[in-house]
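To start, the structure itself, in structure tokens.
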Amino acid sequence: MIAALQILSALAIIIIIILFVFQPKRKGGTEVPENYQDILLDYVSFYTRLNGEERKRFDEKFEKFLAAVKITGANAEIEDLDRVLIGAAAVIPTFYIPDWEYINLREVLVYPGSFNTDFEQEGSERMVSGLIGSGGLEGVMILSKWELRQGFIDGNNSRNVAIHEFVHLIDKMDGTIDGVPELLLERKYIAQWQQLLVTTMEQIRRGESDINPYGATSTVECFPVLTEYFFEQPETFATRHPELNQMMQRIFMRK
């Protein structure tokens, strides 16, 4: 009897091992849409400006991001367009940075519209369209589906909420969110960058700038607001803000 039980136990262990070894591997990321390149060409101006080799590099970074990060709808249906736009927003600010990975992001939650600071989707004080989580939501980004799409559909707009939130993650990589991306900017330029942020915010407050007024909130918000403008309207940004443009090139394009 004991021998029979030992045999059954051994067989059970073998079966468990076989099931563990040969079970389909679970993917922690997001399935890459088959037609993602067509969507990129239709909606992402940054992608259309790239040459053939650059697009291949963009595609590699795009696929790598989606393979690593889960995209989930919270009362919102996630369509291929949403997956592609989120992936594009992740790649755009890091395109020129070799081997970049968002190690501080595991999931993007997509809400149908704006929400409040308590993450509620109903009520009158829903002013938030994008947020990176902390505490229990560490490693999570929340985006409004409507705002996500608007950032790419409106080609004449210098605003893009998804790029904005990914820049917060980039800023956070050095340990603090303060508007100074110390991992990307050489130390000798940090003081100059900090002064530029202060000057820019003062110009916005005086109504002397075309930069989104939200950039005057703090240096924390000024940095991503400038980045939205830099990537969404590069020619206009370079013409109207040459000093800022030069510094942004140092940060994101390694120039």
Side-chain angles (χ1 to χ4, degrees), residues 24-48 55 58-95 101-170 214 224 227-228 231-232:
K25 300 298 181 183
R26 294 174 59 188
K27 294 182 179 180
T30 301
E31 184 176 352
V32 178
E34 292 183 4
N35 63 333
Y36 77 85
Q37 292 163 322
D38 293 333
I39 297 176
L40 288 171
L41 288 171
D42 285 341
Y43 289 93
V44 182
S45 58
F46 180 90
Y47 189 78
T48 63
R55 287 182 188 177
F58 190 103
D59 293 348
E60 291 172 0
K61 287 175 171 282
F62 174 89
E63 293 178 8
K64 185 177 181 181
F65 172 81
L66 287 189
V69 177
K70 185 177 181 182
I71 299 175
T72 308
N75 296 325
E77 179 185 358
I78 302 300
E79 301 171 63
D80 284 349
L81 176 59
D82 306 308
R83 298 182 182 94
V84 172
L85 296 184
I86 290 171
V91 173
I92 288 170
T94 61
F95 178 71
E101 291 185 38
Y102 289 96
I103 59 174
N104 52 354
L105 180 67
R106 56 183 167 80
E107 183 174 15
V108 177
L109 289 179
V110 180
Y111 285 10
S114 299
F115 48 97
N116 62 26
T117 54
D118 293 322
F119 313 110
E120 296 170 341
Q121 300 180 35
E122 298 180 356
S124 59
E125 297 185 0
R126 294 180 294 115
M127 304 295 291
V128 183
S129 56
L131 190 71
I132 57 171
S134 59
L137 286 175
E138 187 71 32
V140 176
M141 177 188 293
I142 304 175
L143 292 173
S144 157
K145 177 174 178 174
W146 191 87
E147 291 287 355
L148 164 68
R149 293 187 174 194
Q150 283 300 115
F152 287 95
I153 290 173
D154 188 350
N156 297 316
N157 200 330
S158 62
R159 303 181 187 185
N160 188 301
V161 67
I163 290 178
H164 184 108
E165 296 307 321
F166 277 106
V167 173
H168 276 315
L169 286 180
I170 292 170
Y214 189 59
T227 306
E228 295 174 66
F231 283 111
E232 289 292 283

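We count residues from 1, following the sequence as given. As a basis for the values below, the full set of heavy atoms in this structure was taken, side chains included, without hydrogen atoms, waters or symmetry mates.
- The shortest heavy-atom contact between Leu66 and Gly87 is CD2-CA, 4.4 Å.
- For Ala90, the side-chain contact (heavy atoms from CB on, under 4.5 Å) partners are Phe65, Tyr102, Phe166, not counting sequence neighbours.
- When all heavy atoms are compared, the tightest approach of Pro224 to His168 is CG-CE1, 3.6 Å.
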**OP:** Determine, stepwise, if the pair Glu101 / Lys64 fulfils side-chain contact (heavy atoms from CB on, under 4.5 Å).
**Re:** CA-CA 9 Å; Glu101 291 185 38; Lys64 185 177 181 181; 3.4 Å; yes
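- Taking Glu147 as the reference, nothing meets the side-chain hydrogen bond (donor to acceptor under 3.5 Å, both in side chains) condition, with sequence neighbours excluded.
- Considering only residues two or more places apart in sequence or on other chains, Thr72 meets the side-chain contact (heavy atoms from CB on, under 4.5 Å) condition with Lys70, Glu107, Leu109.
- Aromatic ring pairs are classed by plane angle as parallel below 30°, tilted from 30° to 60° and perpendicular above 60°; the pair Phe58 and Phe62 is parallel.
- When side chains are defined from C-beta on, Val69 does not count as touching Arg106, because their heavy atoms never get closer than 4.5 Å.
- Screening residues 132-144 for side chain to side chain donor-acceptor pair (under 3.5 Å) gives Glu138-Lys172 as the qualifying pairs, with residues at least two apart or on separate chains.
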**OP:** Would you check, one step at a time, whether the test side-chain contact (heavy atoms from CB on, under 4.5 Å) holds for Arg83 with Ile78?
**Re:** CA-CA 7 Å; Arg83 298 182 182 94; Ile78 302 300; 3.8 Å; yes
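- To the nearest 0.5 angstrom, Ser45 atom OG is 11.0 Å from Phe231 atom CZ.
- Taken to the nearest 0.5 Å, the CD1 atom of Ile92 stands 6.5 Å off from the CG atom of Asn160.
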**OP:** Could you please spell out the steps behind the side-chain contact (heavy atoms from CB on, under 4.5 Å) verdict for Glu228 and Tyr214?
**Re:** CA-CA 12 Å; Glu228 295 174 66; Tyr214 189 59; over 6 Å; no
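- Within the model, atoms CZ of Phe152 and CD of Glu232 stand 6.0 Å from one another, a figure rounded to the nearest 0.5 Å.
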**OP:** Check the pair Asp82 / Ile71 against side-chain contact (heavy atoms from CB on, under 4.5 Å), numbers first and verdict last.
**Re:** CA-CA 9 Å; Asp82 306 308; Ile71 299 175; 5.9 Å; no
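- Residues satisfying the side-chain contact (heavy atoms from CB on, under 4.5 Å) criterion with Glu77, sequence neighbours excluded, are Glu79, Lys145.
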Below 3.5 Å, can you tabulate the donor-acceptor pairs from side chains in residues 36-44 to any protein atom, sequence neighbours excluded?
unit_1: Tyr36; atom_1: OH; unit_2: Glu63; atom_2: OE2; d: 2.6
unit_1: Gln37; atom_1: NE2; unit_2: Asp59; atom_2: OD2; d: 2.7

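- Annotation for Phe115 and Ser129: closest pair CE2-C, 4.0 Å, computed over non-hydrogen atoms.
- The side chain to side chain contact (heavy atoms under 4.5 Å, CB included) test with Val110 singles out one residue from Ile86, Asn75, Ile142, and that residue is Ile86.
- When all heavy atoms are compared, the tightest approach of Glu165 to Leu143 is CG-CD2, 3.9 Å.
- The CE atom of Met141 lies 4.0 Å from the CG atom of Leu169; values are rounded to the nearest 0.5 Å.
- Considering all non-hydrogen atoms of both residues, Ala89 and Pro93 come closest at O-CD, 3.0 Å.
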